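Each chain gets a letter, A, B and so on, in the order its sequence line appears, and its residues count up from 1. The figures here come from the full heavy-atom set of this structure, side chains too, leaving out hydrogens, waters and symmetry mates. Since the structure is predicted, the reported quantities are computational estimates derived from the model, not experimental observations.
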2 protein chains.
Amino acid sequence: MNYFSSSFTLGILGGGQLGKMLLYETRKYDIKTNVLDPSAEAPCRIACDHFEQGDLMDFDTVYAFGKKADVLTFEIEGVNVDALEKLEQEGITVYPSSETLRKIQDKGVQKQFYKEHKIPTSPFKRYKDKYHLNEAIVRKELHYPFVWKSCTGGYDGKGVSIIRDAEDVIPLAEGPCIAEKLIPFKNELAVIVARNPRGEVRTYPVVEMEFHPEANQVEYVICPARIEPKVAEKARAVAKQVSETFEHVGLLAVELFQTEDDEILVNEVAPRPHNSGHYSIEASYTNQFEQHLRAILDLPLGKTDSKVGGIMVNLVGDEAHTGDVKYENIEKIMAMDGVTPHIYGKKQTRPFRKMGHVTIIDEDINQARKVAETVKKTIRVVSE
Amino acid sequence: MNYFSSSFTLGILGGGQLGKMLLYETRKYDIKTNVLDPSAEAPCRIACDHFEQGDLMDFDTVYAFGKKADVLTFEIEGVNVDALEKLEQEGITVYPSSETLRKIQDKGVQKQFYKEHKIPTSPFKRYKDKYHLNEAIVRKELHYPFVWKSCTGGYDGKGVSIIRDAEDVIPLAEGPCIAEKLIPFKNELAVIVARNPRGEVRTYPVVEMEFHPEANQVEYVICPARIEPKVAEKARAVAKQVSETFEHVGLLAVELFQTEDDEILVNEVAPRPHNSGHYSIEASYTNQFEQHLRAILDLPLGKTDSKVGGIMVNLVGDEAHTGDVKYENIEKIMAMDGVTPHIYGKKQTRPFRKMGHVTIIDEDINQARKVAETVKKTIRVVSE
């Protein structure tokens with residue numbers, strides 16, 4: 001297909017921030033885009049050629065939208081997979097495929113897939129509802145502590161809990177879930193993998209999530225991860241194995257644990273550009289959004305190396321503020337070398353609401369880390 | 001002023017490719033944009049918040065458009081300066097200012113300005129029309145060879161001729177012009193300078209135009225220029241002097257000659273993002289479009305260093321083709337490491353029409369130069 005022609009159209013399900021950053025890249029290649037999103041104020045609205053407002057989980061809406069595209073992709077996992085499958089049957093190119101998305105949408109199915117294909121992951125059990133989970137605890141088939149995950153709908157830490165005693169079980173949701181063995185780990189890592197339909201695969205360098213020592217929240221996403229080269233190599237190899245086993249097409253963000261014994265375990269994956277890859281806009285030869293496009297359009301993949309070290313800090317709403325947003329001290333951080341704020345354009349801030357991110361780049365990753373700390377101490381997302 | 005708020009609007013005169021690349025950066029800061037362009041199919045149309053079709057040289061149109069903006073800028077010099085001046089008088093912030101633009105629009109005034117402020121430039125004479133030019137030749141006040149430049153309206157090599165004999169004089173335009181001494185030079189260089197209203201100034205590294213040995217056309221724009229450090233230093237100092245002398249606000253692309261004696265002479269300037277700065281999208285800490293925004297919004301300027309070496313090649317229509325455009329072998333160049341095509345989205349190609357550009361980056365500028373040559377030999381802009 002000639003992507004560089006005016007008759008080609010890319011459909012994107014979801015019109016949020018990830019979609020918006022993807023749209024910048026479509027402009028570089030002059031690709032026509034349609035976007036579907038439930039919100040009339042979706043960030044993509046003014047950046048695409050044609051915008052439709054509609055429910056991403058509704059079969060008819062997704063199907064009708066997809067019929068107008070040559071290639072269809074998504075920037076969010078919560079879309080109607082049956083519609084994608086029907087579109088594929090009718091000759092529309094859908095990447096990532098409905099088959100992969102179906103496996104990834106259900107965490108139980110996803111874990112089972114890893115187990116069947118000998119992809120290293122923590123031991124787990126599936127339960128079809130809370131009744132069966134309770135039963136397993138009572139029968140002493142399942143022991144504290146364990147990690148509970150809802151099979152569907154969890155994101156950004158929602159739908160995941162560490163269960164240490166009976167007290168922790170009470171608030172859990174009723175639906176299907178898994179219980180994973182709680183494995184102490186040294187590092188939480190991630191590797192972004194790109195794969196195109198002709199089977200070309202490229203992995204990005206390993207990124208490291210640095211947690212706040214008390215709050216147990218990711219503070220910095222650091223690329224390259226400050227780990228031994230042989231651990232990094234292993235992490236990239238495992239991530240590549242996951243992408244190839246799924247026969248995935250597009251970007252796959254693979255979240256990993258580095259255990260105390262330097263084993264690499266797959267935690268979970270996201271079949272799309274990912275927060276852990278935002279650093280790539282400033283730091284990589286080919287940023288993750290351009291790479292996703294190259295992959296789904298069956299173009300040659302770009303170089304995944306970094307030009308410089310990169311660190312990403314999420315910009316979240318201050319705990320004590322709700323209302324019209326104001327970015328306190330943004331000019332101060334912009335005066336620091338190698339600092340780029342990305343403002344998502346949400347009008348209202350709320351405690352912990354994700355309002356943007358800041359990338360800090362430097363040839364020396366330790367210098368970038370120092371600047372990142374100053375950035376974090378300086379900027380505040382407050383209300384006016 | 002709080003630029004990071006929904007009530008702020010940036011107006012941009014001109015909706016072409018430069019404007020489009022500027023608009024990507026406004027998204028990063030979530031800045032609301034209005035664009036005015038004479039063409040209903042301007043590239044900016046779908047990338048801005050609000051588009052107006054209208055004549056950039058018409059006083060009333062520009063004035064009415066400008067009244068709706070908090071800050072007004074332009075991506076093309078051919079705009080109605082009287083309207084800008086009136087807007088400034090009425091409190092609209094216009095950057096670059098009408099005063100600077102007026103000086104730059106007329107090449108005679110521009111040259112005179114350099115002379116008055118002791119900015120090195122080649123010797124010249126101004127003539128108010130062709131009649132007076134002819135008279136100077138007849139009276140032997142002006143000798144062959146010389147460089148003829150039309151005072152207004154010249155761009156991309158139009159409005160400039162090397163005059164070697166009487167034959168060359170015949171086709172020249174009637175209007176006001178200058179005659180410059182023809183000075184043999186070693187290199188054609190350019191330096192981009194950013195300056196904000198508070199007077200902070202930063203220069204980018206020197207770029208070098210490498211010409212085709214026979215065709216006398218720029219083939220490669222190379223950053224950093226392959227020149228001696230002390231020459232580069234002098235070039236950056238002269239460019240800085242130009243920006244400061246104009247009290248310029250925004251980006252200023254300063255085109256320079258390096259003479260046989262390593263003198264630096266100012267050729268001419270462009271008060272906006274420039275072709276010679278396109279490499280910065282991939283290679284610089286802060287690309288020229290983000291830097292222009294930072295400057296005109298009185299934000300701190302970003303770091304101008306390069307992360308890697310960068311080379312830009314223009315993509316122009318093949319001599320033998322007119323019609324619906326096709327980018328032959330684009331996939332082949334995309335398979336080369338560090339190569340990014342930028343397709344401008346023009347539907348029709350014509351001989352030598354500027355259809356896009358390609359950036360080649362590498363840590364090693366000599367390696368980038370090799371790849372650039374392969375790129376140039378591989379891709380062709382033809383008709384279907």
Contact summary for B/Asp298 and A/Glu331, nearest pair of heavy atoms: O-OE1, 4.1 Å
With a 4.5 Å limit on heavy-atom distance, are the side chains of A/Glu282 and B/Thr286 in contact? no
Looking at A/Asp49 and B/Arg45, does any basic side-chain N land under 4.0 Å from a carboxylate oxygen? no
Do you know which two heavy atoms are closest between A/Val308 and B/Lys307, and how far apart they sit? CG2-CD, 3.9 Å
In the structure I gave you, are the side-chain heavy atoms of B/Lys28 and A/Ile343 within less than 4.5 Å of one another anywhere? no
Given a strict heavy-atom distance threshold of 4.5 Å, which part of B/Lys332 is in contact with chain A: side chain, backbone, both, or neither? neither
In Å and rounded to the nearest 0.5 Å, what is the OH to CZ distance from A/Tyr344 to B/Arg27? 15.5 Å
Report the C-alpha separation of B/Lys20 and A/Asp30 in whole Å, then their side-chain angles, then the decisive distance to 0.1 Å, and conclude whether the salt bridge (Lys or Arg N to Asp or Glu O under 4.0 Å) test is met. CA-CA 12 Å; B/Lys20 194 176 88 170; A/Asp30 190 43; 5.2 Å; no
d(B/Met334 CE, A/Leu301 CG) to nearest 0.5 Å is 9.5 Å
NZ/NE/NH1/NH2 to OD/OE distance under 4.0 Å, A/Lys303 and B/Glu363: no
d(A/Tyr24 OH, B/Glu25 CD) to nearest 0.5 Å is 8.0 Å
Side-chain contact test, heavy atoms from C-beta onward, threshold under 4.5 Å: evaluate it for B/Tyr285 versus A/Asp337 and give yes or no. no
Region of B/Ala47 in contact with chain A, defined by heavy-atom distances below 4.5 Å: backbone
